[in-house]
Engineer: 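Can you read through this structure? Questions will come right after.
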Amino acid sequence: LDTYTSVGVLPPFEIYFDPKQTEFDVAKYVDDFERALDQSQTAGGLVFIIEGHNAPDLYNKRKAEGASTPELAEIEQVALNLSKQRSDAVKASFLKFCTDKGVNCDATQFVTVGLGVSSPKFKAPTKAQWPLNRRVVFRPKVVETELEECTPPSR
């Protein structure tokens, strides 16, 4: 069993974007949203990390061409911004989906982060893999806040 199944949590799912876009077709992800909604209502201690990603193609190209450090930093920052906008768009769409279903979800249970070009799915993608780097990963995570038993600190 994988980690998700062993604790009764769904594995992550991915939402894909066109270049330079923050919009996506929610209809393609209704089944995933349904499962995530169910999980959000039934699993205590569950947080959803919504990770936005940007394809690193332009960054890698400019780096190989010898671009300056400031230019590369600018590309990284814009990629971070776009990836955060993507994760925010997915969160907003998911919360709207919940509202449309008549379910009031706790928005603080859904945490968005933009990772920019730092962790592409494919570092040197083929043409078919290229669009898969422009994504948001909707990742359920069980977070424990207390220990089962007290272990006093050693002196």
Side-chain angles (χ1 to χ4, degrees), residues 1-17 21-57 59-60 63 69-70 72-125 129-155:
L1 289 176
D2 63 38
T3 303
Y4 296 97
T5 306
S6 66
V7 294
V9 177
L10 293 172
F13 62 90
E14 296 179 344
I15 296 168
Y16 300 100
F17 293 81
Q21 295 297 305
T22 60
E23 298 171 2
F24 65 100
D25 184 359
V26 175
K28 290 181 179 180
Y29 302 98
V30 168
D31 290 342
D32 294 313
F33 278 15
E34 284 281 356
R35 288 188 293 274
L37 173 58
D38 182 54
Q39 284 284 301
S40 73
Q41 300 301 297
T42 59
L46 189 62
V47 173
F48 293 85
I49 308 300
I50 305 172
E51 300 173 357
H53 297 269
N54 196 91
D57 311 330
Y59 177 87
N60 292 340
K63 186 175 182 180
T69 300
L72 292 174
E74 289 171 358
I75 293 169
E76 280 184 301
Q77 186 59 55
V78 172
L80 279 170
N81 296 348
L82 178 58
S83 63
K84 178 70 163 84
Q85 291 168 352
R86 287 176 174 163
S87 64
D88 289 344
V90 169
K91 178 180 177 177
S93 294
F94 179 75
L95 292 175
K96 181 182 180 318
F97 175 84
C98 294
T99 301
D100 290 350
K101 291 285 203 173
V103 176
N104 185 17
C105 284
D106 178 1
T108 64
Q109 191 177 7
F110 304 89
V111 179
T112 61
V113 63
L115 297 176
V117 299
S118 67
S119 54
K121 189 170 189 169
F122 301 99
K123 290 187 187 292
Q129 293 168 333
W130 175 67
L132 302 179
N133 278 334
R134 299 184 311 266
R135 71 198 190 284
V136 164
V137 180
F138 199 99
R139 185 182 314 278
K141 182 174 182 179
V142 175
V143 177
E144 297 293 336
T145 60
E146 298 179 326
L147 298 172
E148 292 291 325
E149 63 182 66
C150 179
T151 308
S154 59
R155 293 185 185 223

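Every heavy atom of this structure was used, including side-chain atoms; hydrogens, water molecules and symmetry mates were not.
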Engineer: Please test Asp88 against Lys84 for side-chain contact (heavy atoms from CB on, under 4.5 Å), starting from the C-alpha separation and ending with a verdict.
Structural biologist: CA-CA 6 Å; Asp88 289 344; Lys84 178 70 163 84; 2.8 Å; yes

Engineer: Can you see which heavy atom on Glu14 is nearest to which on Tyr29, and at what distance?
Structural biologist: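 What the structure gives for the nearest pair is O-CE2, 3.3 Å.
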
Engineer: Answer yes or no: is there a donor N or O on one side and an acceptor on the other, between the side chain of Lys121 and the main chain of Pro131, under 3.5 Å?
Structural biologist: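 No.
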
Engineer: Could you report the tightest heavy-atom contact between Lys63 and Leu72, atom names first, then the distance?
Structural biologist: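 Smallest heavy-atom distance, with atoms named: N-CD2, 3.7 Å.
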
Engineer: Is the centre of the Phe94 ring less than 6.0 Å from the centre of the Phe138 ring?
Structural biologist: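 Yes.
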
Engineer: Could you measure the distance from the OG atom of Ser87 to the CZ atom of Arg135? Nearest 0.5 Å is fine.
Structural biologist: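 Ser87 atom OG to Arg135 atom CZ measures 12.5 Å (nearest 0.5 Å).
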
Engineer: If you apply the rule side-chain hydrogen bond (donor to acceptor under 3.5 Å, both in side chains), what do you find for Asn81 with Gln77, and how did you get there?
Structural biologist: CA-CA 6 Å; Asn81 296 348; Gln77 186 59 55; 2.9 Å; yes

Engineer: Please determine whether a side-chain nitrogen of the Lys or Arg among Asp32 and Arg35 lies less than 4.0 Å from a carboxylate oxygen of the Asp or Glu.
Structural biologist: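 Looking at Arg35 together with Asp32, the answer is yes, because their closest N to O distance falls below 4.0 Å.
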
Engineer: Looking at Phe17, is its backbone amide N or carbonyl O close enough to the side chain of Arg134 to form a donor-acceptor pair, meaning the two atoms are under 3.5 Å apart?
Structural biologist: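 Yes, the answer is positive, given that a donor and an acceptor are paired below the 3.5 Å cut-off.
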
Engineer: Under 4.5 Å between any side-chain heavy atoms of Leu132 and Pro125, yes or no?
Structural biologist: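 A side-chain contact under 4.5 Å is absent here.
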
Engineer: Can you give me the closest heavy-atom contact between Gly116 and Leu80, atom names plus distance?
Structural biologist: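 For Gly116 versus Leu80, the nearest heavy atoms are N-CD2, 3.6 Å.
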
Engineer: Do other residues, nucleotides or ligands put more than 12 heavy atoms under 6.0 Å from Glu34 CD?
Structural biologist: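 For Glu34, atom CD is crowded (more than 12 foreign heavy atoms under 6.0 Å).
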
Engineer: For the backbone of Ile49 and the side chain of Lys141, can you confirm whether one donor and one acceptor N or O come within less than 3.5 Å of each other?
Structural biologist: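 Flag not set: sc Lys141 to bb Ile49 has no pair under 3.5 Å.
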
Engineer: Would you mind checking if Lys96 and Asp100 are paired as a salt bridge, meaning a charged N to carboxylate O distance below 4.0 Å?
Structural biologist: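 Judged by the 4.0 Å cut-off on N to carboxylate O distance, Asp100 and Lys96 do form a salt bridge.
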
Engineer: Taking the side chain as every heavy atom from C-beta outward, state whether Phe48 and Gln39 have any atom pair closer than 4.5 Å.
Structural biologist: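 The answer is yes; the side chains approach within 4.5 Å.
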
Engineer: Just wondering, are more than 12 heavy atoms of other shown residues or ligands nearer than 6.0 Å to CG in Asp25?
Structural biologist: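 Check passes, neighbour count above 12.
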
Engineer: side-chain contact (heavy atoms from CB on, under 4.5 Å), that's the test. Do Ile15 and Phe33 meet it? Break it down for me.
Structural biologist: CA-CA 11 Å; Ile15 296 168; Phe33 278 15; 3.9 Å; yes

Engineer: Does the Gln109 side chain pair with the main chain of Leu46, one donor and one acceptor, at a distance under 3.5 Å?
Structural biologist: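 Here the side-chain-to-backbone pair exists.
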
Engineer: Assess the residue pair Gln41 and Cys105 against the criterion (side-chain contact (heavy atoms from CB on, under 4.5 Å)); give the C-alpha distance rounded to whole Å, side-chain angles, the decisive distance to 0.1 Å, and a yes or no.
Structural biologist: CA-CA 8 Å; Gln41 300 301 297; Cys105 284; 3.5 Å; yes

Engineer: Show your reasoning for whether side-chain contact (heavy atoms from CB on, under 4.5 Å) applies to Arg86 and Asn54.
Structural biologist: CA-CA 9 Å; Arg86 287 176 174 163; Asn54 196 91; 4.0 Å; yes

Engineer: Are Leu115 and Val113 side-chain neighbours, meaning at least one heavy-atom pair lies under 4.5 Å?
Structural biologist: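 When only atoms from C-beta onward are counted, Val113 and Leu115 do touch, with a gap below 4.5 Å.
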
Engineer: Please give me the minimum heavy-atom distance between Leu37 and Cys98, naming the atom from each residue.
Structural biologist: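 That would be CD1-SG, 3.5 Å.
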
Engineer: Tell me the closest heavy-atom pair linking Thr22 and Ala89, and the distance in Å.
Structural biologist: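 Taking every non-hydrogen atom into account, O-CB, 3.3 Å.
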
Engineer: Roughly how far, to the nearest 0.5 Å, is the OG atom of Ser93 from the CD atom of Glu23?
Structural biologist: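 Rounded to the nearest 0.5 Å, the CD-OG separation comes out at 9.5 Å.
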
Engineer: Would you say the side chain of Ser119 lies within less than 4.5 Å of the side chain of His53, judging by non-hydrogen atoms?
Structural biologist: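 Yes; the side chains approach each other to less than 4.5 Å.
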
Engineer: List the atom of Pro12, the atom of Val137, and the distance in Å for their closest heavy-atom pair.
Structural biologist: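 Answer, listing the atom of Pro12 first, then Val137: CB-CG1, 3.8 Å.
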
